[in-house]
Amino acid sequence: ATAAAQFGWCRPRFTADIGRLRIVKGRHPLVDSFVATHHGFVPNDTDLGGDGAEGDPRCNAPGSSVRVQVVTGANLSGKSVYLKQVGIIVVMAQVGSFVPAESAELGLCDLVFSRIRGVDRATA
């Protein structure tokens, strides 16, 4: 709790909505601590599933919600850090830890899927 207060982490809030994942100003705990001494880490929001996505133009059917994100961008733009950050925050919350975010709301989770390539090849 002392470290959570020192680094600005929050207590995650759990909801009965299993597909809900809302993280406000989330940070990767290791990258944030390393980059803080240099330039600072830019926090990221995540909003998947749940009622918070209703009315979102990305949702086609009434009552539907965003359940998938496709993350694209230039090389070295932080895509892998963002994916790992979200996964780490979900796992930390599920084990009862404070999380590196301004706020976090999520449903119970028993799976974390991600596809991150370690090496890019132009011929692949």
Side-chain angles (χ1 to χ4, degrees):
T2 303
Q6 178 182 351
F7 297 115
W9 292 13
C10 74
R11 180 187 310 265
R13 190 168 64 90
F14 288 95
T15 178
D17 186 355
I18 295 174
R20 183 72 175 135
L21 177 59
R22 178 172 168 76
I23 301 168
V24 176
K25 294 188 179 178
R27 303 179 311 276
H28 187 294
L30 298 177
V31 176
D32 185 34
S33 64
F34 174 75
V35 175
T37 60
H38 295 85
H39 304 290
F41 185 86
V42 177
N44 303 286
D45 293 348
T46 302
D47 193 359
L48 294 171
D51 296 334
E54 284 187 18
D56 190 316
R58 297 172 292 176
C59 302
N60 295 328
S64 67
S65 61
V66 177
R67 298 284 307 239
V68 174
Q69 275 185 326
V70 176
V71 181
T72 64
N75 291 341
L76 301 173
S77 62
K79 299 176 299 287
S80 295
V81 170
Y82 172 75
L83 290 171
K84 292 172 187 175
Q85 157 193 317
V86 172
I88 289 170
I89 289 173
V90 168
V91 171
M92 290 175 72
Q94 297 294 325
V95 299
S97 175
F98 285 79
V99 298
E102 185 176 281
S103 68
E105 176 186 1
L106 59 155
L108 292 178
C109 174
D110 62 352
L111 301 168
V112 175
F113 290 106
S114 171
R115 171 85 161 84
I116 303 172
R117 290 186 53 172
V119 176
D120 288 324
R121 290 186 4 204
T123 59

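With Q85 contributing its side chain and G26 its backbone, the two residues share a donor-acceptor pair below 3.5 Å.
Separation of atoms NE2 (H28) and CG (N44) is listed at 11.0 Å; rounding is to 0.5 Å. For the atom pair CG (L48) and CZ (R22), the distance works out to 11.0 Å, reported to the nearest 0.5 Å. Taking CG from L106 and CD1 from I18, the interatomic distance works out to 12.0 Å, rounded to the nearest 0.5 Å. The structure places OG of S97 at 11.5 Å from CD1 of I88, a figure rounded to the nearest 0.5 Å. Between the CZ atom in R27 and the CD1 atom in I89 there is a gap of 8.0 Å [rounded to 0.5 Å]. Interatomic distance, CG of D47 versus CD1 of I23, reported as 10.0 Å (0.5 Å rounding).
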Donor-acceptor contacts under 3.5 Å from residues 4-16 side chains, at least two apart:
unit_1, atom_1, unit_2, atom_2, d
R13, NH2, E105, OE1, 3.2
R13, NH2, E105, OE2, 3.3
T15, OG1, D17, N, 3.4

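Contact check for P100 versus M92: side-chain heavy atoms found under the 4.5 Å cut-off. Side-chain contact between L21 and T46 is present, with at least one heavy-atom pair separated by less than 4.5 Å. Side-chain contact between V86 and K84 is absent, with no heavy atoms from C-beta onward closer than 4.5 Å.
Closest approach of G73 to S77, counting heavy atoms only: C-OG, 3.8 Å.
The hydrophobic clustering, which links ILVMFWY residues whose side-chain heavy atoms are closer than 4.5 Å, places Y82 and V90 together. Cluster membership for V99 and L108, using ILVMFWY side-chain heavy atoms within less than 4.5 angstrom, is shared.
Among residue pairs with one or both ends in residues 88-103, those qualifying as salt bridge (charged side-chain N to carboxylate O under 4.0 Å, His left out) are K25-E102; sequence neighbours excluded.
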